[in-house]
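Working notes, beginning with the structure itself.
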Amino acid sequence: MLQTLCFVCFVSFAFGLGLVTPSSSPQPALKGENAVPLNISAWIGKRVVMVSAHPDDIEAGAGSTISLLTAQGTQVYYVIVTNGDKGCLSAICANWTSEQIAVARQSEATAAAAVLGVPASNVFLLDYEDGMVPTYPEVQLLQDLTAVLRRIRADVVMSWYPYPRFELIPSLGWGDLGYHPDHQAVGRMILQAHTQAGNQYVFPQLGAPYVVSEFYTWEFVQPQLYTELTPALLDLKIQAILQHKTQYPTAEAVKDYISNVQAMVAANTPGFTGTLAEGFRMFY
């Protein structure tokens, strides 16, 4: 309770000093209200940081939205926590070592980012072991994430929802979008790191503090905000995901899975009448 109260005091103090400014994006829908479009034009001139557990997470969560951001000139950065060394779902890597898989997956990450307009210099790879994020000391990951947010001087952060979403049943076509131990561990730690990046008394050895002004998660269950996907935007998202050759058995499997997921997100978005969407939640 004391920790929560102190955080509230810090945020109130930061608002008073002008260190944190209210978002210029549309107010997100509350429970029971219709969702509203994500106003990416408010992010022109800002640095937007996507934080994921695995090399292929970011495109799945927000690939089409990223393409729109880079097209308008917004600087987008990737922070990928694990090296993906345990993930092989294709025949091409069936006999590879974990080390070989890690090298391939990190190369795939930069290739996928490039499809969406994100240069390799904006992709940060933290090299944690795949599938094992919850086993690392929390303070280690917290320091690594805080350091990279300060280095980038992140204005907006987007990542995984920090807790399991048991509504996203794998047998209904959601895969591991509802739960993966790495996803939730990264979601919890970046939620904490984004508040501490701006506090000069937390990890002062990690560089000058920088206040993150907005925090979002990609959302599949009940989005408050959304990006409507045209066929061209969906195709660009799919082309980026296809760069992750170790993760999918065939191109058709990618197209079918992603098309179905974005259709389900659209159906779950309150008040949205389109057929395809990426969904989001805003923390503040």
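Keep in mind that this is a model prediction, so the values were computed, not measured.
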Exercise. Going through the distances and angles, do Leu145 and Leu126 end up as a side-chain contact (heavy atoms from CB on, under 4.5 Å)?
Worked result: CA-CA 9 Å; Leu145 290 172; Leu126 301 189; 4.0 Å; yes
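- Between Thr82 and Ala53, the closest heavy-atom pair is OG1-O, 2.7 Å.
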Problem set entry | Trp160/Ile190 under side-chain contact (heavy atoms from CB on, under 4.5 Å): CA gap, chis, key distance, verdict | CA-CA 9 Å; Trp160 283 104; Ile190 191 59; over 6 Å; no
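- In this structure, Gln72 contributes its side chain and Ile40 its backbone to a donor-acceptor pair below 3.5 Å.
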Problem set entry | Derivation and outcome, side-chain contact (heavy atoms from CB on, under 4.5 Å), residues Ile241 and Asp56 | CA-CA 7 Å; Ile241 293 174; Asp56 62 324; 6.0 Å; no
For this session: Apply side-chain hydrogen bond (donor to acceptor under 3.5 Å, both in side chains) to Arg47 and Tyr210, showing your working.
Result: CA-CA 12 Å; Arg47 291 173 291 275; Tyr210 192 82; 2.9 Å; yes
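- Listed by first and then second residue, the side chain to side chain donor-acceptor pair (under 3.5 Å) pairs that reach into residues 171-180 come to none, sequence neighbours excluded.
- Inter-residue side-chain proximity for Ile66 and Ile58 is flagged as met; some heavy-atom pair is nearer than 4.5 Å.
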For this session: Could you please spell out the steps behind the side-chain contact (heavy atoms from CB on, under 4.5 Å) verdict for Lys46 and Glu214?
Result: CA-CA 11 Å; Lys46 295 187 177 182; Glu214 299 177 51; 3.2 Å; yes
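- The side chain to side chain donor-acceptor pair (under 3.5 Å) search around His54 returns Asp57, Asp130, Asp182, His183, not counting sequence neighbours.
- Side-chain atoms of Thr74 come within 3.5 Å of backbone N or O of Trp43 as a donor-acceptor pair.
- Between the CE atom of Met189 and the CD atom of Gln140 there is a distance of 12.0 Å, given to the nearest 0.5 Å.
- Of all heavy-atom pairs spanning Thr269 and Ala35, the tightest one is CG2-CB, 3.5 Å.
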N/O donor-acceptor pairs under 3.5 Å from side chains in residues 132-139, not counting sequence neighbours:
| unit_1 | atom_1 | unit_2 | atom_2 | d |
| --- | --- | --- | --- | --- |
| Thr135 | OG1 | Met132 | O | 2.6 |
| Tyr136 | OH | Glu129 | N | 2.9 |

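- Between the Lys86 side chain and the Ser98 main chain, no donor and acceptor come within less than 3.5 Å of each other.
- Remark: side-chain polar atoms of Glu278 are paired, donor with acceptor, to backbone N or O of Gly63 under 3.5 angstrom.
- For Thr246, the side chain to side chain contact (heavy atoms under 4.5 Å, CB included) partners at least two apart in sequence or on another chain are Ile92, Cys93, Trp96, Ala104, Arg105, Glu108.
- Contact between Ser41 and Asn39 at its shortest, heavy atoms only, is OG-OD1, 2.6 Å.
- Residues in residues 118-128 take part in these side chain to side chain donor-acceptor pair (under 3.5 Å) pairs, two or more places apart or across chains: Gln75-Asn122, Asn83-Asp127, Gln106-Asp127, Tyr128-Asp144.
- The OH atom of Tyr78 lies 12.5 Å from the CD1 atom of Ile152; values are rounded to the nearest 0.5 Å.
- In terms of heavy atoms, Leu225 sits closest to Met282 at CD1-CB, 3.9 Å.
- Side-chain contact between Met158 and Val48: absent, with no pair of heavy atoms (C-beta onward) separated by less than 4.5 Å.
- Here Gln205 pairs with Gln143, Phe203 under the side chain to side chain contact (heavy atoms under 4.5 Å, CB included) rule; sequence neighbours left out.
- With Ser67 contributing its side chain and Ser64 its backbone, the two residues share a donor-acceptor pair below 3.5 Å.
- The backbone N or O of Gly187 lies less than 3.5 Å from no partner atom in the side chain of Ser159, so there is not a single donor-acceptor pair.
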Problem set entry | Pair Tyr216-Phe280, ring pair (Phe, Tyr, Trp, His ring centres under 6.0 Å): steps then yes or no | CA-CA 7 Å; Tyr216 297 78; Phe280 308 97; 7.4 Å; no
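- Counting all heavy atoms, side chain and backbone alike, Leu191 lies closest to Pro162 at CD2-CG, 4.3 Å.
- Ring pair Tyr248/Tyr257 is tilted by interplanar angle, where 30° to 60° counts as tilted.
- Annotation: the span from Tyr161 atom OH to Glu219 atom CD amounts to 7.0 Å, rounded to 0.5 Å.
- Ala277 and Gln262 get closest at one heavy-atom pair: O-NE2, 2.7 Å.
- Thr227 contributes atom OG1, which lies 12.5 Å from atom CG of Leu276 (distance to the nearest 0.5 angstrom).
- No more than 12 heavy atoms of other residues, nucleotides or ligands lie within 6.0 Å of CZ in Arg151, so this atom counts as exposed by the packing criterion.
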